[in-house]
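Heads up: the structure comes next, in structure tokens.
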Amino acid sequence: MKRFSCNDNEVFFENTVCLATEEKLGFIPEVLDLCAITPATDKLYRTQHRKLGDRRFRKCANYQHQQVCNWMVAEADPEPFCLACRLNKVIPDLSKPENRTYWREIEQNKRRLIYTLLALGLPLVDRNQDPEFGLAFAFLADATQPAEFYDESAGGNPIMTGHNRGLITINIAEADPRYREQMRMNMNESYRTLIGHFRHEVGHYYWYRLIFNNYCHAEFVQLFGDETIDYQNTLQQYYTNGPAFNWWESFISAYASSHPWEDWAECWAHYLHIIDTLETAQNSRLLGAGSLLGSVVRRDRPLPASMLELPIKAILDTWVDLSIAMNNINRSIGLGDFYPFVISPRVMKKLEFIHRIVSEQRSANATASTVLPIETG
């Protein structure tokens, strides 16, 4: 995440008001920037961003009416929702007060995901543009459902937890730290976060978007394995017998060893973890002025896009140095490790594959501009 400012005062990605100047703020996805907004009419706003000129914007409907968003919509855009909120297919039942709190937390993490995808230039194709595999989100609170969602993929083949043909399902209880920690312990995970769920599940969406029936599928099989092996059976074996003794030699996490699809999604999630955290560290001056990442910084594009010019080894070398330092800092105040994972040579090859695929997609951005109908449930 980049650093944002309002008249030389630091503001943060989730802010709606600059505490120093009391100016209202709105995030403009076209320029990936959080800007001070001033009224132009009753519902329209202007910014002083140098790239936007006299263009006018209105607040996303979820900003204006629900206070769970801070993104803006261009005046000429007929849709009421911003680029992130228009991907929602189902939102929680807001008649239950706690659901609004959970929803706000979920939306904040979802927007962080969308920010990184936009910064990398990845395609965001919604259900209206691609009814079969378009991206959409369903945020559910149903006590009758298992905590770990399971869905069927195209053709009746079982695929990923929380994903069905581009529809990503999130149990809103994951926004409750107590529930999430209990699930982390139950699943024997070293790491469980909302942003991690989003990054993992969107990895399944990008498997269909970028790998399925694509020229690079054979290389995927070589690196991750044959995804046509029975998903239910291999997952059951994983939960019954646990991962192989030496799983860390080939996988980023134990769960990644359960099936090639999960291996891909886990590596995809970690790739986004690394890219976003390194952007934050660079913009927070934690890497030093002479860092390798600093050498590719450009004013005309976000740092994640610039990082695509670097070899994956250079990125991971920087990441290892940062994560070791952060692990030691956390231990100094009695917290668990910031990044409790090991990137083996085999995992590095998988991340290199993802890095190359993302780089190739940068010039083929297919970001959708249509909206999905909103349901409550």
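Remember, it's a predicted structure, so these values are computed and weren't measured experimentally. Throughout, numbering of the chain's residues begins at 1 and tracks the sequence.
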(message) Show me the pairs that pass salt bridge (Lys or Arg N to Asp or Glu O under 4.0 Å) and involve residues 340-350, at least two apart or across chains.
(response) D263-K350
(message) Within this structure, what is the CD-SG distance for the pair E79 and C85, rounded to the nearest 0.5 Å?
(response) 12.5 Å
(request) Could you pull out the closest heavy-atom pair between A254 and Y238, with the gap in Å? (result) O-CE1, 3.3 Å
(message) Would you say CD of E14 has more than 12 non-hydrogen atoms from neighbouring residues, nucleotides or ligands within 6.0 angstrom?
(response) yes
(message) Once salt bridge (charged side-chain N to carboxylate O under 4.0 Å, His left out) is applied, do any residues pair with R331, and if so which ones, sequence neighbours excluded?
(response) D337
(request) Name the orientation class of the two ring planes belonging to F220 and F353 (parallel below 30°, tilted from 30 to 60°, perpendicular beyond 60°). (result) tilted
(message) Please check this pair: side chain of N9 against backbone of C6, looking for a donor-acceptor N/O pair closer than 3.5 Å.
(response) yes
(message) On a heavy-atom basis, which atom in L44 and which in R58 lie closest, and how many Å separate them?
(response) CD2-CB, 3.9 Å
(request) Would you name the heavy atoms of L113 and R199 that are closest together and state the gap between them? (result) CD1-CG, 4.0 Å
(request) Test I195 against D276 for side-chain contact (heavy atoms from CB on, under 4.5 Å), laying out the working first. (result) CA-CA 11 Å; I195 190 65; D276 184 61; over 6 Å; no
(request) Under the salt bridge (charged side-chain N to carboxylate O under 4.0 Å, His left out) rule, collect the residues that match up with E107, sequence neighbours excluded. (result) K110
(request) Using modelled atom types only, decide if a donor and an acceptor are shared between the side chain of N283 and the backbone of E279 within a distance under 3.5 Å. (result) yes
(request) Using a 4.5 Å cut-off on heavy atoms from C-beta on, say whether the side chain of I229 contacts that of P260. (result) yes
(request) Output yes when a side-chain donor or acceptor of R104 lies under 3.5 Å from a complementary backbone atom of V68, and no otherwise. (result) no
(message) I want to check something: taking the side chain as every heavy atom from C-beta on, are F198 and E174 in contact at a cut-off of under 4.5 Å?
(response) no
(message) Counting neighbours of CD on E219 that are heavy atoms of other residues, nucleotides or ligands and sit closer than 6.0 Å, is the number greater than 12?
(response) yes
(request) Check whether any side-chain N or O of D126 sits under 3.5 Å from a backbone N or O of Q129 as a donor-acceptor pair, and report yes or no. (result) yes
(message) Quick one about R100 and Q66 (side-chain donor to acceptor, distance below 3.5 Å, no hydrogens or angles considered), yes or no?
(response) yes
(request) Please check if the side chain of H355 supplies one atom and the backbone of Y271 the other of a donor-acceptor pair under 3.5 Å. (result) no
(message) Show, in sequence, the C-alpha distance, side-chain angles and deciding distance for I91 and N99, and conclude whether the side-chain contact (heavy atoms from CB on, under 4.5 Å) test is met.
(response) CA-CA 9 Å; I91 64 172; N99 284 356; over 6 Å; no
(message) Which residues pass the side chain to side chain contact (heavy atoms under 4.5 Å, CB included) test with Q67, not counting sequence neighbours?
(response) none
(message) Looking at S250 and W247, would you say the former's side chain and the latter's main chain have a donor-acceptor pair under 3.5 Å?
(response) no
(request) Provide the closest heavy-atom pair for I275 versus M307 in the form atom of the first, atom of the second, distance. (result) O-CE, 3.4 Å
(message) Could you check whether H197 and H200 have their ring centres less than 6.0 Å apart?
(response) no
(request) Provide the closest heavy-atom pair for A175 versus P177 in the form atom of the first, atom of the second, distance. (result) O-CD, 3.4 Å
(request) Any chance you could measure L34, atom CG, to L25, atom CG, to the nearest 0.5 Å? (result) 5.0 Å
(request) Would you confirm whether T234, through its side chain, and Y231, through its main-chain N or O, come within 3.5 Å as a donor-acceptor pair? (result) yes
(message) Using 30° and 60° as the class boundaries, would you call the ring planes of F137 and F139 parallel, tilted or perpendicular?
(response) parallel
(message) Filter on salt bridge (Lys or Arg N to Asp or Glu O under 4.0 Å), then keep only pairs touching residues 28-37, sequence neighbours left out; what's left?
(response) K2-D33, E30-R55
(message) Test question: given the 4.5 Å side-chain rule for I, L, V, M, F, W and Y, name all other residues clustered with V31, or answer none.
(response) I28, I37, Y45, L52, F57, Y63, M72
(request) Considering non-hydrogen atoms only, spot the tightest contact between A173 and Y179 and give its length. (result) O-CD2, 3.3 Å
(message) For H259 and E227, which I'm curious about, is there any donor-acceptor pair between the side chains at under 3.5 Å?
(response) no
(message) Could you tell me if the side chain of I343 sits less than 4.5 Å from the side chain of W319, heavy atoms only?
(response) yes
(message) Rounded to the nearest 0.5 Å, what separates atom CD in Q108 from atom CG in L194?
(response) 10.0 Å
(request) State which residues pass ring pair (Phe, Tyr, Trp, His ring centres under 6.0 Å) with Y215; sequence neighbours excluded, sorted by chain then number. (result) none
(message) Within the structure provided, determine whether W103 and N62 are in side-chain contact (heavy-atom separation under 4.5 Å).
(response) yes
(request) Output all residues satisfying side chain to side chain contact (heavy atoms under 4.5 Å, CB included) with L335, sequence neighbours left out; order by chain, then residue number. (result) N330, I333
(request) Determine which pairs satisfy salt bridge (Lys or Arg N to Asp or Glu O under 4.0 Å) with at least one residue from residues 233-252, sequence neighbours left out, and list them in order. (result) none
(request) Ignoring hydrogens and angles, tell me if any N or O in the side chain of W264 forms a donor-acceptor pair with the backbone of G203 under 3.5 Å. (result) yes
(message) Taking A74's backbone N and O only, do any of them form a donor-acceptor pair with D77's side chain (distance below 3.5 Å, no angle check)?
(response) no
(request) Test side-chain contact (heavy atoms from CB on, under 4.5 Å) on I168 and H204 and set out the steps. (result) CA-CA 9 Å; I168 292 173; H204 297 313; over 6 Å; no
(message) What I'd like to find out is whether the side chain of F341 reaches to under 4.5 Å of the side chain of V347, using heavy atoms alone.
(response) no
(request) Measure the NZ-CZ distance between K59 and F81 for me, rounded to the nearest 0.5 Å. (result) 15.5 Å
(message) Using 0.5 Å steps for rounding, measure from the NE2 atom of H273 to the OH atom of Y191.
(response) 5.0 Å
(request) To the nearest 0.5 angstrom, please state how far the SG atom of C82 sits from the CD atom of Q64. (result) 13.0 Å
(request) List in chain and number order the residues that pass side chain to side chain contact (heavy atoms under 4.5 Å, CB included) with R46, two or more places apart in sequence or in another chain; answer none if no residue qualifies. (result) T38, A40, D54, R56
(request) Output every pair passing salt bridge (Lys or Arg N to Asp or Glu O under 4.0 Å) with a member in residues 234-244, not counting sequence neighbours, ordered by first then second residue. (result) none
(request) Answer whether the closest heavy-atom distance between the side chains of M187 and Y239 falls below 4.5 Å. (result) yes
(request) State yes or no: do I106 and L87 share one hydrophobic cluster built from I, L, V, M, F, W and Y residues joined by side-chain heavy-atom distances below 4.5 Å, directly or via other members? (result) yes
(request) Please list, chain by chain and in numerical order, all residues satisfying side chain to side chain contact (heavy atoms under 4.5 Å, CB included) with F13, sequence neighbours excluded. (result) M1, F4, F27, W71, R111, R112, Y115
(request) Look at the side chain of N327 and the backbone N and O of F338, then say whether any donor-acceptor pair between them is shorter than 3.5 Å. (result) yes
(message) With a 4.5 Å cut-off on side-chain heavy atoms, are T169 and N164 touching?
(response) no
(message) Using the rule given for salt bridge (Lys or Arg N to Asp or Glu O under 4.0 Å), can you reason through R356 versus E360, listing the C-alpha separation, both sets of side-chain angles and the distance that settles it, and then say yes or no?
(response) CA-CA 6 Å; R356 192 181 77 243; E360 292 172 355; 3.7 Å; yes
(message) I'd like to check R86 versus N128 (side-chain heavy atoms, cut-off strictly below 4.5 Å). Are they in contact?
(response) no
(request) Given side-chain contact (heavy atoms from CB on, under 4.5 Å), test L32 with L118 step by step and report yes or no. (result) CA-CA 8 Å; L32 294 180; L118 291 173; 3.9 Å; yes
